[in-house]
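To keep things clear, I will list the structure first and then write my remarks on it.
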Amino acid sequence: MVASRAARERKAAAQAGPLAKLRIDLDEDEQFVYKISCTTCLAKGTLKWGTYRPGEDNGFMAAMDRWIFHLVEKHPDAEAPCLEFLPAAQQRLTEAREQRERASTTD
């Protein structure tokens with residue numbers, strides 16, 4: 001059984017912890033786009049810091065990885081269930097950087 005959008009949103013919000021405001025939208029291909037914003041940090045002026053990046057992967061793993069790195073950097077004392085996935089997020093980041101390096105050297 002496929003989880004509803006609301007159920008996915010509740011589960012992801014619980015994993016992200018109390019500093020997160022989470023919303024799931026649909027993109028032009030009807031794919032889920034996860035948007036996590038910080039309830040305390042501002043990015044530009046009055047805009048809240050958020051994980052959404054136009055033109056990039058905004059699926060669950062990508063958004064949650066960005067959120068995990070934000071928590072570690074800006075809120076080191078924060079507690080959130082997603083922080084248990086920090087080593088996996090760091091590994092994915094390392095692999096993505098290595099892949100970009102390989103792609104740039106073959107061009």
Side-chain angles (χ1 to χ4, degrees):
M1 183 170 147
V2 176
S4 71
R5 184 164 136 187
R8 289 172 191 250
E9 202 168 87
R10 283 190 301 271
K11 182 178 180 187
Q15 285 185 320
L19 289 176
K21 180 179 176 196
L22 191 134
R23 189 175 83 235
I24 300 175
D25 290 334
L26 294 175
D27 67 9
E28 62 276 355
D29 297 323
E30 299 295 309
Q31 299 294 314
F32 289 136
V33 173
Y34 286 76
K35 296 180 176 182
I36 308 170
S37 60
C38 184
T39 59
T40 62
C41 294
L42 296 177
K44 295 178 182 175
T46 60
L47 294 176
K48 297 285 187 184
W49 181 93
T51 62
Y52 179 76
R53 302 292 183 268
E56 291 192 31
D57 179 7
N58 290 293
F60 175 77
M61 294 301 291
M64 196 59 72
D65 284 356
R66 289 183 198 114
W67 177 247
I68 289 168
F69 294 136
H70 175 76
L71 285 177
V72 168
E73 183 179 331
K74 300 293 184 180
H75 307 284
D77 296 330
E79 293 185 23
C82 64
L83 291 173
E84 73 179 271
F85 303 111
L86 176 61
Q90 290 170 324
Q91 179 63 35
R92 285 188 289 275
L93 179 62
T94 300
E95 290 170 1
R97 285 178 175 164
E98 289 171 353
Q99 185 177 11
R100 281 192 299 270
E101 278 183 25
R102 284 193 299 273
S104 68
T105 59
T106 60
D107 289 339

Any chance you could measure C38, atom SG, to L71, atom CG, to the nearest 0.5 Å? 7.0 Å

Does one hydrophobic cluster hold both L22 and W49, with members joined at side-chain heavy-atom distances below 4.5 Å? yes

Could you go through the side-chain hydrogen bond (donor to acceptor under 3.5 Å, both in side chains) check for Q99 and E95 one step at a time? CA-CA 6 Å; Q99 185 177 11; E95 290 170 1; over 6 Å; no

What is the distance from atom CD1 of I24 to atom CD of E9, rounded to the nearest 0.5 Å? 5.0 Å

I'd like to know if the side chain of N58 and the backbone of A63 have a donor-acceptor N/O pair within less than 3.5 Å. no

Can you classify the ring geometry of F60 versus Y34 as parallel (below 30°), tilted (30 to 60°) or perpendicular (above 60°)? perpendicular

Closest heavy-atom pair and its distance - A16, A80: O-CB, 3.3 Å

Got more than 12 heavy atoms from elsewhere within 6.0 Å of NZ, K11? no

Check whether D27 reaches the backbone of D25 with its side chain - one donor and one acceptor, N or O, closer than 3.5 Å. no

To the closest 0.5 Å, what do you measure between CG (L93) and CD (E98)? 10.0 Å

How far does CG of L19 sit from CD of E79, to the nearest 0.5 angstrom? 10.5 Å

Could you tell me whether a side-chain N or O of W67 sits under 3.5 Å from a main-chain N or O of A20, the two making a donor and an acceptor? no

What's the shortest heavy-atom distance between D57 and G59, and which atoms? OD1-N, 2.9 Å

Give me the atom names and distance for the closest heavy-atom approach of G45 to L42. O-CD1, 3.2 Å

State which residue, out of K21, H70, M64, fulfils the side chain to side chain contact (heavy atoms under 4.5 Å, CB included) condition with I36. M64

Approximate separation, where rounding is to 0.5 Å, of Q90 CD and R92 CZ: 10.5 Å

Heavy-atom side-chain contact between F32 and L26 under 4.5 Å: yes

Rounded to the nearest 0.5 Å, how far does CZ of R100 lie from OG1 of T105? 13.5 Å

I need the minimum non-hydrogen distance between L83 and A78, along with the two atoms involved. CD1-O, 3.5 Å

